[in-house]
There are 2 protein chains.
Amino acid sequence: MAKSITKEKRQERIREKISINPFISDEQLSKLFKVSIQTIRLDRLEMGIPEMRKRVIQLAQNASSKVKALNKNEIIGDLIDIELGRSGISTMRTTKEMAFDKNKLVRSHYIFSLADSLAMAIIDADIVLTGTARLRYKHPVYVGQLLIAKARIATKKGNKLLVSVHISCDHVEVFTAKIIMVSLDGEHKTPDFN
Amino acid sequence: MAKSITKEKRQERIREKISINPFISDEQLSKLFKVSIQTIRLDRLEMGIPEMRKRVIQLAQNASSKVKALNKNEIIGDLIDIELGRSGISTMRTTKEMAFDKNKLVRSHYIFSLADSLAMAIIDADIVLTGTARLRYKHPVYVGQLLIAKARIATKKGNKLLVSVHISCDHVEVFTAKIIMVSLDGEHKTPDFN
DNA sequence: CACCTATTAATGGTTACTATTAACTGATAG
DNA sequence: CTATCAGTTAATAGTAACCATTAATAGGTG
């Protein structure tokens with residue numbers, strides 16, 4: 001059997017090739033592996049890999065839906081309970097996109113985002129800006145963990161509101177924040193930051 | 001002229017349709033606008049819009065490159081100067097993806113991300129975690145503005161470092177932060193948060 | 001040698017086009 | 001009233017990149 005490689009190995013390598021470059025056509029693959037185009041097609045059939053065009057369409061589709069989802073994310077995390085003007089609860093499942101590749105530690109600004117978004121969400125005003133904040137990262141968060149954020153408006157003074165946010169994970173508090181938000185309702189659109 | 005619509009208007013609407021749903025074929029368009037498929041093709045030709053397959057390929061390609069770019073973003077913003085263990089400067093051009101749709105105000109956590117990433121970057125340690133932070137948003141930031149962040153390590157105490165970050169935009173300070181970072185070098189991998 | 005797997009070939013059909021030439025239709029200008 | 005022109009449609013030929021089916025062939029094994 002002086003044949004270059006076995007069917008099995010070829011199929012493995014075809015799968016690899018396609019995952020790296022989904023735009024490759026059967027013809028290109030056939031040249032690459034020095035087999036006929038029919039063999040490539042049989043291989044794809046056996047492996048249940050769709051033709052190039054369909055692969056590309058799939059790619060484009062879930063890519064565009066991802067972009068939309070990203071834009072939609074005005075509120076980071078999922079609001080699960082809200083009492084407008086008082087308090088709210090939201091959750092977020094941490095994903096590998098939020099973490100450092102090497103140690104799977106969720107990057108701190110994603111945690112802040114969850115807190116900040118929730119704080120904004122519970123305030124009953126057209127425009128809300130973050131003024132100042134005190135953050136406390138108490139424990140590291142890893143990929144895959146579910147974060148639960150609870151926020152409560154503590155005090156109000158004019159257009160300034162103090163919101164306290166607590167984020168926990170498996171009943172352990174991993175983050176707390178006190179955020180002063182500035183609301184800009186209707187008439188005076190120029191922010192007052194003093 | 002009892003004709004439904006003019007050529008010009010049809011072309012406008014074709015352009016719209018395609019931008020909303022790039023996966024639409026000429027045949028579907030021809031049915032939608034009740035003209036022949038040839039007319040649609042002439043229209044595309046005149047407007048320089050490529051055929052559906054090429055549109056989809058383009059979509060898939062720049063979508064996949066975007067995903068890669070997003071993953072690459074371990075450091076948010078562009079590091080332009082760094083003196084490891086002392087200070088650093090980075091910049092970030094704010095984009096519409098970072099802002100609220102309605103008022104073009106850049107969301108606060110993007111600004112924090114810039115500060116936090118820079119603070120991490122200048123610390124000379126394997127693992128760096130954010131401990132506590134005080135943030136001060138001094139002026140709102142709008143889409144398209146270029147932010148310049150400057151960070152400096154102020155004090156060191158054991159594995160804790162105080163980093164101060166100042167972000168400005170058109171020579172106006174828009175944000176300041178004092179961040180206490182915790183470094184975990186080599187031996188003791190369990191974070192010490194006390 | 002018969003058999004079997006893997007491979008290749010052959011044929012016909014599909015979608016979604018490009019490119020070109022030609023015919024048609026309705027309105028306008030001379 | 002007819003020639004002309006824009007806009008539209010039709011017709012034809014060709015392309016890439018496939019699917020689906022049947023058949024032939026090549027190589028190795030029991």
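Within every chain, numbering begins at 1; the chains are lettered A, B, ... in the order of the sequence lines, protein sequences first and strands thereafter.
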message: If you count heavy atoms of other groups shown closer than 6.0 angstrom to CD of A/E27, is the number above 12?
response: no
d(CE, A/M52; C1', D/dC19) in whole Å: 15 Å
message: What is the separation between atom CG on B/L29 and atom P on D/dT9, rounded to the nearest whole Å?
response: 14 Å
message: In whole Å, I'd like the distance from the NZ atom of A/K7 to the P atom of D/dG27.
response: 18 Å
- prompt: Does a nitrogen or oxygen in the side chain of B/S36 sit under 4.0 Å from OP1 or OP2 of D/dT9?
  reply: yes
query: Which atoms form the tightest heavy-atom contact between A/I122 and A/R86, and what is the distance?
result: CD1-O, 3.9 Å
- request: Look at the side chain of A/S25 and decide which nucleotide, out of D/dA17, D/dT8, C/dT15, has an atom nearest to it.
  value: D/dA17
field: side chain to side chain contact (heavy atoms under 4.5 Å, CB included) evaluation trace for B/K138 with B/V174
entry: CA-CA 5 Å; B/K138 303 178 82 173; B/V174 294; 5.6 Å; no
- request: Determine yes or no for a side-chain-to-main-chain donor-acceptor pair under 3.5 angstrom, with A/T94 supplying the side chain and A/G144 the backbone.
  value: yes
- prompt: Quick one: CZ on B/F112 to CD1 on B/I179, what's the gap to the nearest 0.5 Å?
  reply: 5.5 Å
task: In whole angstrom, give the distance that lies between atom CD of A/Q11 and atom C1' of C/dT5.
output: 13 Å
- request: Give a yes or no on whether A/R55 atom CZ has more than 12 heavy-atom contacts from other residues, nucleotides or ligands under 6.0 Å away.
  value: yes
message: Using a heavy-atom cut-off of 4.0 Å across all strands, would you classify A/R55 as base, sugar-phosphate, or nothing?
response: nothing
Which pairs, protein N/O on one side and nucleotides 18-21 of chain C N/O on the other, fall under 3.5 Å?
unit_1: C/dT18; atom_1: OP1; unit_2: B/R44; atom_2: NH1; d: 3.2
unit_1: C/dT18; atom_1: OP1; unit_2: B/R44; atom_2: NH2; d: 3.3
unit_1: C/dT18; atom_1: OP2; unit_2: B/R44; atom_2: NH2; d: 2.9

- prompt: Taking for each residue the nucleotide of DNA chain D with the nearest heavy atom, is it B/L42 or B/R53 whose nucleotide lies nearer the 5' end?
  reply: B/L42
message: From CD1 of A/I18 over to C1' of D/dC18, roughly how many Å is that when rounded to an integer?
response: 13 Å
task: For the residue pair A/R107 and B/S117, confirm or rule out a side-chain donor-acceptor distance under 3.5 Å.
output: yes
- request: Could you check how far CD of A/E27 sits from P of D/dC18, rounded to whole Å?
  value: 9 Å
- line: Rounded to whole Å, the NZ-P distance (B/K31 to C/dA16) equals 10 Å
field: Side chain of A/T39 - closest among D/dA17, D/dT8, C/dT8
entry: C/dT8
- request: Check the distance between D/dA16's P and A/I24's CD1 and give it to me in whole angstrom.
  value: 17 Å
